[in-house]
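Remarks on the structure that follows.
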Amino acid sequence: MKIKSLFSVFSIKAFLVISCIIVGFAGFTKCDAQSIVGKWNGVSVKNYFSAEYAKVASKSMEEKTTKEAGNSTIEYKPDHTFIMTFSAPNSTEVTTMKGTWSLTGDQLKTTLEPKYNPRKMTTTATISIIGNTLVTTAVMPAPSRISKTISTSKRM
């Protein structure tokens, strides 16, 4: 019986020591998650069409590069605001939109300023950051012609 109780005490002490080591080293671990904060240049966009529009367009999706779609930049600021600029291909006219953002896990919520969003609707997208590449996937509610958009950006 003494051996069993000695083993139990040893097990508890070993568990406590291991737990303390894990908790102690947790402060030194590097987080691999990258921040969305910063400036991002648009690289490409894939638009997946609704079934109805795919019949009209004779294709289910369309992918465009910056050269075909135009230039776009978005800056996510630390105060949870953003500034987005874009221009059509071969155009000097730049459109600027502002708004707010929040990120929970991989779910990015953005709301454009009232000038461009009088209903104050929020868009939710799933994001992925790998290295200097940001991939944003947004599913659009019906009756939109585009059912899903996947945009790829590079950190500036």
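Taking the six-membered ring for Trp and thresholds of 30 and 60 degrees, Phe82 and Tyr76 have ring planes inclined between 30 and 60 degrees apart.
Gln107 places no side-chain N or O within 3.5 Å of a backbone atom of Thr104 that could act as its donor or acceptor partner. Formation of a donor-acceptor pair under 3.5 Å by the Thr66 side chain with backbone atoms of Gly42 is found in this model. When atom types are taken as modelled, the side chain of Trp101 and the backbone of Lys77 share a donor-acceptor pair closer than 3.5 angstrom. Between the side chain of Ser50 and the backbone N or O of Tyr53 there is at least one donor-acceptor pair closer than 3.5 Å. A donor-acceptor pair under 3.5 Å is formed between the side chain of Ser147 and the backbone N or O of Tyr48. The main-chain N or O of Gly38 is never found under 3.5 Å from a side-chain atom of Glu75 such that the two would form a donor-acceptor pair.
In this structure, NZ on Lys46 lies 15.0 Å from NZ on Lys64, to the nearest 0.5 angstrom. The line from CG of Leu103 to OG of Ser35 is 8.5 Å long, rounded to the nearest 0.5 Å. To the nearest 0.5 angstrom, Lys115 atom NZ is 9.5 Å from Lys98 atom NZ. Taken from CG in Asn41 to OG1 in Thr85, the straight-line distance is 8.5 Å, to the nearest 0.5 Å. Distance check, rounded to the nearest 0.5 Å: CE of Met84 to OG1 of Thr110 gives 7.5 Å. The distance from the OG atom of Ser144 to the CD atom of Glu52 is 10.5 Å, given to the nearest 0.5 Å.
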Practice task
Would you please test Thr73 and Asn71 for side-chain contact (heavy atoms from CB on, under 4.5 Å) and show each step?
Solution key: CA-CA 7 Å; Thr73 303; Asn71 294 318; 6.0 Å; no

Practice task
Please lay out, stage by stage, how Glu93 and Ser87 fare under the test side-chain contact (heavy atoms from CB on, under 4.5 Å).
Solution key: CA-CA 6 Å; Glu93 186 179 330; Ser87 60; over 6 Å; no

Exercise for the section: For the pair Thr100 and Thr81, evaluate side chain to side chain donor-acceptor pair (under 3.5 Å) and give the outcome as yes or no after the intermediate values. Expected result: CA-CA 4 Å; Thr100 59; Thr81 61; over 6 Å; no

Practice task
Start with the C-alpha distance between Ser151 and Val45, add both sets of side-chain angles, then the distance that settles side-chain contact (heavy atoms from CB on, under 4.5 Å), and finish with yes or no.
Solution key: CA-CA 4 Å; Ser151 59; Val45 64; 4.2 Å; yes

Exercise for the section: Would you sort out whether Asn117 and Thr111 count as a side-chain contact (heavy atoms from CB on, under 4.5 Å), showing the intermediate values? Expected result: CA-CA 8 Å; Asn117 185 14; Thr111 306; 3.7 Å; yes

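Linking ILVMFWY residues whenever their side-chain heavy atoms come closer than 4.5 Å, directly or via other members, places Ile74 and Met97 in the same cluster. Both Leu112 and Phe86 are members of a single hydrophobic cluster when ILVMFWY side chains are connected at heavy-atom separations under 4.5 Å.
More than 12 non-hydrogen atoms from other residues, nucleotides or ligands lie less than 6.0 angstrom from CE of Met156. In this structure, Arg155 places its CZ atom where more than 12 heavy-atom neighbours from other residues, nucleotides or ligands lie under 6.0 Å away. For Asp79, the CG atom is densely surrounded, since the number of other residues' heavy atoms within 6.0 Å is greater than 12.
There is no side-chain donor-acceptor pair under 3.5 Å between Thr137 and Thr126. Asn47 and Thr149 share a donor-acceptor pair across their side chains, judged by distance under 3.5 Å alone.
When side chains are defined from C-beta on, Ile83 counts as touching Thr96, because their heavy atoms get closer than 4.5 Å. Looking at Trp40 and Thr133, their side chains never come closer than 4.5 Å, going by heavy atoms from C-beta outward.
Heavy-atom minimum distance, Thr136 versus Ala125: CG2-CB, 3.5 Å. Looking at every heavy atom in both residues, Ser102 comes nearest to His80 through CA-ND1, 4.1 Å. Pairing each heavy atom of Met140 with each of Ile146, the nearest pair is CB-O, 3.0 Å.
Electrostatic pairing of Lys59 and Glu62 counts as a salt bridge here, judged by a charged N lying under 4.0 Å from a carboxylate O.
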